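Accompanying notes for the structure given below.
Chain letters run A, B, ... following the sequence lines, proteins first, then strands; residues in each count from 1. Just so you know, these numbers come straight off a predicted model, no measurement behind them.
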Amino acid sequence: MPLSLNRLNPNQREAVLYGNGPLLVLAGAGSGKTSTMTYRIAHLIAERNVPASAILGLSFTNKAATELKERVIRLVSEAAGFGATRNIMISTFHSLCVRILRAHGAKLGFQRDFTILDQSDQQDTLKQIMRNIKIDDRKFDLNSILFEIGQAKSRFLSPDAAQGFFLDSGRLGPDYAIAAASSYIHYQSQLKAQNAMDFDDLLFNAVALLEKHEEVREHYNQRFRYILVDEYQDTNPAQFRLLRLLTQRQQNLCVVGDDDQSIYAWRGADPTHILEFAQHFRGAKTITLDQNYRSTMTILEAANAVIQNNRKRHPKSLWSDRGSGEPVSEVILEEDREEGKFVAEEIFRLAKEKNIRWADFAVLYRSNAQSRIFEESLRMLRVPYKIVGGFSFLDRKEVKNILAYWRLVVNPGDDASLRRVINWPARGIGRTSLEHLGNAAFTKEVPIFEMLPETAQLAPRAAAGTKAFRELILDLRESLQKIPCSSAEVAISAVVSWARNSLEKIQARKALDEETDDPAAALRQWENIEELVHGLGQIRPEEITGDSEEGPADGLAILREYLARMTLEAQDEEEDDSKENELRDEVTLLTLHGAKGLEYPIVFMVGAEDGFLPHRRTIEEASDLGEERRLCYVGITRAKNHLIITRAKNRIRYGKTVPRTRSRFMDEIPQKLLVVRDESRAPSAVPSTDKAALAAHEVRVRNYLEEIKSKLGAASSGPKR
DNA sequence: TAGCCGTATTTTTTT
DNA sequence: AATACGGCTA
Ligand SMILES: Nc1ncnc2c1ncn2[C@@H]1O[C@H](COP(=O)(O)OP(=O)(O)OP(=O)(O)O)[C@@H](O)[C@H]1O
């Protein structure tokens, strides 16, 4: 059965059928870019007989990559039978780089079992370095310096070349720039010594590898004959360079994106990549898609009205034949708590009155901290919800600590992990001892782990603890290495029992009990740790052996891949039991950034105030308001049927009430598209009929509440992650 | 060294 | 309001 392209419009079909050579699909929100890319991949495999292993699909989040892959598999299975998609590579840029570096990194002197540092690992590491090299971490903000280092890396500047860049960037004063430059030098040599890479290094080093080693470059050029990139407007210079290197032999590169949805310039993404694609890749074909299949005309017009205020954009003429639908609602509340209450009650009311599933609702906010109030109010009404991103499972202390132990087992050079757990549970190794060890390691330029045998300077208790700790790690490492390289399944279950056993040896329970005298809290923490072991068992064999370039599955390799995955997919939900996941009916709470690429029938865009949107820091730092406007555009265009924008007149911040004003972007939406409802205590001009309607509504909500309360009893609801 | 207590600080988005 | 950090004492 051939792959049916019936569901595509002529332009989309053209993009799917277009032959070899560079191809750009530049189109607005909801025009079917991702769908088109999915079909194009399926078409390559099913109709043009391109082997799946020759295709590389790239996107920016693991969630997006997984979804893309699933959709391709579904399409191809219908047309060409199951199995035709075996060995297809659809991943994120970062995961691809990990694979390349694991397989060939030795050529640049990297070990296979390098540790990947996430943001908080970076912070820990840099904080330590700043102490070592006596940079005042009060005078110089850690995160600003990390940010600058990241900027330098995404521009491909090595530590010794970066000082000029820091000085010229204009973001920092000269003394700051010099502090950043010297931090970068030490940070980088520290990472090297620790056999560790941060997210930017993954890209940086993969690019360096492909640039310096022709045979590696050639290898991947031959393997990936078709490359497709989603959300291309979010590529940074390193990613662009990687694509260049992968397309030297042929330019079968299809990129898809929307310059109006460029919301990651703050971390180095450069939308000129998409705007100048035709100059970068000679002979590129450009296809635009104009029909939006997602939103009503009202929502689309509101979005267009806002985004039109940006200069320097590729003009588009998006339209929709979905009719005008409901007007956009703007609801004004007195305080943040009431905003939460309103959103929860409104979701509840709509769900009941119109029989809408919970999963059809989303609450979108600018920053993660805003989620809390909505969690509380939804929980109050027993509305099931899930939070995407924000404080995650992996941010929990007990989880981090166990992961630190495991990381140390795989890579004893990981100083940040060592510092984290050397005294957890308490082993009598305090600040002074750790400082001794740290200083000695710093002067000798070796990882702290190598200094552990030298206990002469330490107090007796600390010396004993140090010895015990070192032996514990070595013992765990040895038993992990003893796991035979048999079939992947057998090896994985062996690693799971190893992990369980490691908890005993670490005395994790003891550590938890020490920390709190609340047994319930300790139990919860213990359950989180067990969840971690469970997750290790969920790892699929092909994730370790899937790439033929990888060696056999030994215990170390399995744990190493699990740890890498945990770091790279930190924000993704645990896909526990896949089926259950699909069926789960819950309201989604997420940031505007997190919502990119997604769609919901009913969207609540909350906190539409100056200070959130645009964010206060953007205003203060006089940085790019255009990006904040694009963020607003992304938010609006997530809605299919109904968009409800809320804001509070006052917000409680650090115990003080702060007055808030309407988002300046709201002023850009034409009045005729909006219905404003002022539900604050001193409404400016609310007709009394509205008040009556409100009272009636309140009564209705009460009634519903009574109704479910009686039905529910103790039924489960609330968050899970 | 460990634990308690008081003070200062928090204000973005994420791979 | 909540928390992280540093200093002080046992
Ligand atoms: N030809 C079509 N006919 C009907 N529906 C379509 C068509 N093309 C796409 N759609 C639907 O339109 C919606 C948006 O598609 P998709 O997510 O691919 O758009 P997008 O351009 O990637 O959006 P965004 O830029 O916002 O991420 C989806 O629900 C998709 O199923």
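The distance between atom CD of A/Gln128 and atom C1' of C/dC5, rounded to the nearest whole Å, is 15 Å. Protein atom CG of A/Asp141 is 17 Å distant from nucleotide atom P of C/dA4, rounded to whole Å. For the pair A/Arg629 CZ and B/dT13 C1', the computed distance is 18 Å after rounding to whole Å. A straight line from CZ of A/Phe391 to C1' of B/dT10 spans 16 Å, rounded to a whole angstrom. Distance, A/Asp395 CG to C/dT3 P: 14 Å, rounded to whole Å. In this structure, CD of A/Glu620 is placed 16 Å from C1' of B/dT13, rounded to the nearest angstrom. The nearest whole Å value for the distance from the NE2 atom in A/His436 to the C1' atom in B/dT1 is 13 Å. Here B/dT13 presents its C1' atom at 8 Å from CD of A/Glu628, a figure rounded to the nearest Å.
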Every protein N/O lying under 3.5 Å from an N/O of nucleotides 2-5 of chain B:
residue: B/dA2; atom: OP1; partner: A/Gly428; partner atom: N; Å: 3.3
residue: B/dA2; atom: OP2; partner: A/Asn423; partner atom: ND2; Å: 3.1

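One distance of note links CD of A/Gln233 with CG of A/Asp258; it measures 6.0 Å at 0.5 Å rounding. Between the CG atom in A/Asn528 and the CD atom in A/Gln525 there is a gap of 7.5 Å [rounded to 0.5 Å].
Note on A/Thr567: every side-chain N or O is 4.0 Å or more away from OP1 and OP2 of B/dT15. A sub-4.0 Å separation between OP1 or OP2 of B/dT1 and a side-chain N or O of A/Thr432 is present.
For A/Gln188 and A/Lys153, the side-chain atoms include at least one donor-acceptor pair closer than 3.5 Å.
With centres under 5.5 Å and a plane angle under 30°, the ring of A/Trp266 is stacked against the base of B/dT13.
Residue A/Lys127 has its side chain nearest to C/dC5 when only C/dC5, B/dT14, B/dT1 are considered.
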